Colleague: 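Handing you a structure now.
Predicted model, so just to flag it, every value in this text is computed and none were measured. All values below were derived from every heavy atom in this structure, side-chain atoms included, with hydrogens, water molecules and symmetry-related copies excluded.
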Amino acid sequence: MDTTDNLLGRIHLHYKKFSKGQRRLAAYIIEHYDSAVFLTAAKLGREAGVSESTAVRFAMQLGYEGYPEFHRALEELVRNKLNSIQRMKVTYGDVPQMEILDRVLHSDIEKIKRTMEQIDHDAFNSAVETILNAKNIYVIGIRSCAPLADFLAFYLNYIFDRVCVLNTHNASEIFEQMVRIGEEDVIIGISFPRYSMLTLKALEFANGRNARVITLTDSIHSPINLYSSCNLTAQSDMASIVDSLAAPLSVINALIVALSMKKQGEVVSTLETLEGIWSEYQVYNNDEINLINPRIRM
């Protein structure tokens, strides 16, 4: 990765040009980036012993448009560094119990708003077309991303015939399920910090077989983008012991809706067939349960 895309790389590149105050800021960030990420410009300046304006000029000296962009770069730097316990203590340690619900909901709303502002619409449209033209569709998500992969695959099965969620019990099984992947196929990889090495290896394998690779992750700098031709990004910042998946799920919802609109006829036919099956076998509960065997009582 180019050092100009990395906060520490930019600090190193511009260090000789820094003023005395800016060097003090640089030293503080290098030593305390894990706590600096939670500070406003005013608080960062105060902690480093400089003014708020110095902190803002420092961000611009590094080539960022302003302190908000610098702060996002700082988030990138520490995203994989803090463990879950540290995140919980720093983010919600002082929040009263009665405020937690509102605080978490507002945080998720903010992530969705930021995703709307930053997501590449051309990449989204490209992802839709790539999936529509694929012979086979593979989906992979590990650990906390597994529910996202399952959710996406569940609805893709309403639209397409050949959808495979890669089983993640061990590395061997992953590659055994992908052994026939080829250039007519697509794999959708979902990974957020901490990034899954197994997901990365699966995408590397697919790329080596000339399959198309679509990623859903938190940043264009995410390691899983190394092998993708289409990158979808959604905000999933450090929140607490629980990773926020609200924005990634919204992007997945949009993907499913867009694909459904492109294949309306097939989707309607599938749902009509399923409605008949659900009704015949009483898959869903109605106000009154019509027992298959009237002699059986609950």
Colleague: Between E69 and R72, does any side-chain N to carboxylate O distance fall below 4.0 Å?
Modeller: no

Colleague: Tell me the closest heavy-atom pair linking K111 and S244, and the distance in Å.
Modeller: CD-OG, 3.5 Å

Colleague: Does either side chain, that of E275 or that of S279, offer a donor lying less than 3.5 Å from an acceptor on the other one?
Modeller: no

Colleague: Let me confirm one number: the OG1-CZ distance from T233 to F124, rounded to the nearest 0.5 Å.
Modeller: 12.0 Å

Colleague: What I want to check is whether the side chains of N225 and T215 have a donor and an acceptor closer together than 3.5 Å.
Modeller: yes

Colleague: Kindly say whether G182 contributes a backbone atom to a donor-acceptor pair with the side chain of R209 at under 3.5 angstrom?
Modeller: no

Colleague: Look at the side chain of S229 and the backbone N and O of R212, then say whether any donor-acceptor pair between them is shorter than 3.5 Å.
Modeller: no

Colleague: Is the side chain of T270 donor-acceptor paired with the backbone N or O of E266 at a distance under 3.5 Å, no angle test?
Modeller: yes

Colleague: Is the side chain of S191 donor-acceptor paired with the backbone N or O of S196 at a distance under 3.5 Å, no angle test?
Modeller: yes

Colleague: How close do A41 and A55 get, heavy atom to heavy atom, and via which atoms?
Modeller: O-CB, 3.6 Å

Colleague: Between L259 and V128, what is the shortest heavy-atom contact and its length?
Modeller: CD2-O, 3.6 Å

Colleague: Please report the closest heavy-atom contact between R114 and E75, naming both atoms and the distance.
Modeller: NH2-OE1, 3.6 Å

Colleague: Ignoring hydrogens and angles, state whether a donor on the side chain of T54 or S51 is under 3.5 Å from an acceptor on the partner side chain.
Modeller: yes

Colleague: Got a list of side-chain donor-acceptor pairs under 3.5 Å for residues 147-163, not counting sequence neighbours?
Modeller:
residue : atom : partner : partner atom : Å
N157    : ND2  : A153    : O            : 3.0

Colleague: Please check: side-chain N/O of T273 versus main-chain N/O of S269, any donor-acceptor pairing under 3.5 Å?
Modeller: yes

Colleague: Which atom pair, heavy atoms only, marks the closest approach of L200 to Y227?
Modeller: CD1-CE1, 3.7 Å

Colleague: For a quick test of your reading: what N or O donor-acceptor pairs under 3.5 Å do the side chains of residues 131-143 make, sequence neighbours left out?
Modeller:
residue : atom : partner : partner atom : Å
N133    : ND2  : E129    : O            : 3.0
N136    : ND2  : D185    : OD1          : 2.9

Colleague: Please tell me whether L7 and V50 are part of a single hydrophobic cluster in this structure, the criterion being side-chain heavy atoms less than 4.5 Å apart.
Modeller: yes

Colleague: When rounded to the nearest 0.5 angstrom, what is the spacing between CD1 in I220 and OG in S228?
Modeller: 11.0 Å

Colleague: I'd like to know if E110 pairs up with K113 as an ion pair, taking the criterion as any Lys NZ or Arg NE/NH1/NH2 lying under 4.0 Å from an Asp or Glu carboxylate oxygen.
Modeller: no

Colleague: Tell me, please, which residues at least two apart from F18 pass ring-ring contact (aromatic ring centres under 6.0 Å, His included).
Modeller: Y15, F58

Colleague: Backbone N or O of D122 within a donor-acceptor pair of the S126 side chain at under 3.5 Å?
Modeller: no

Colleague: Taking everything shown except E184 itself, do over 12 heavy atoms lie less than 6.0 Å from its CD?
Modeller: no

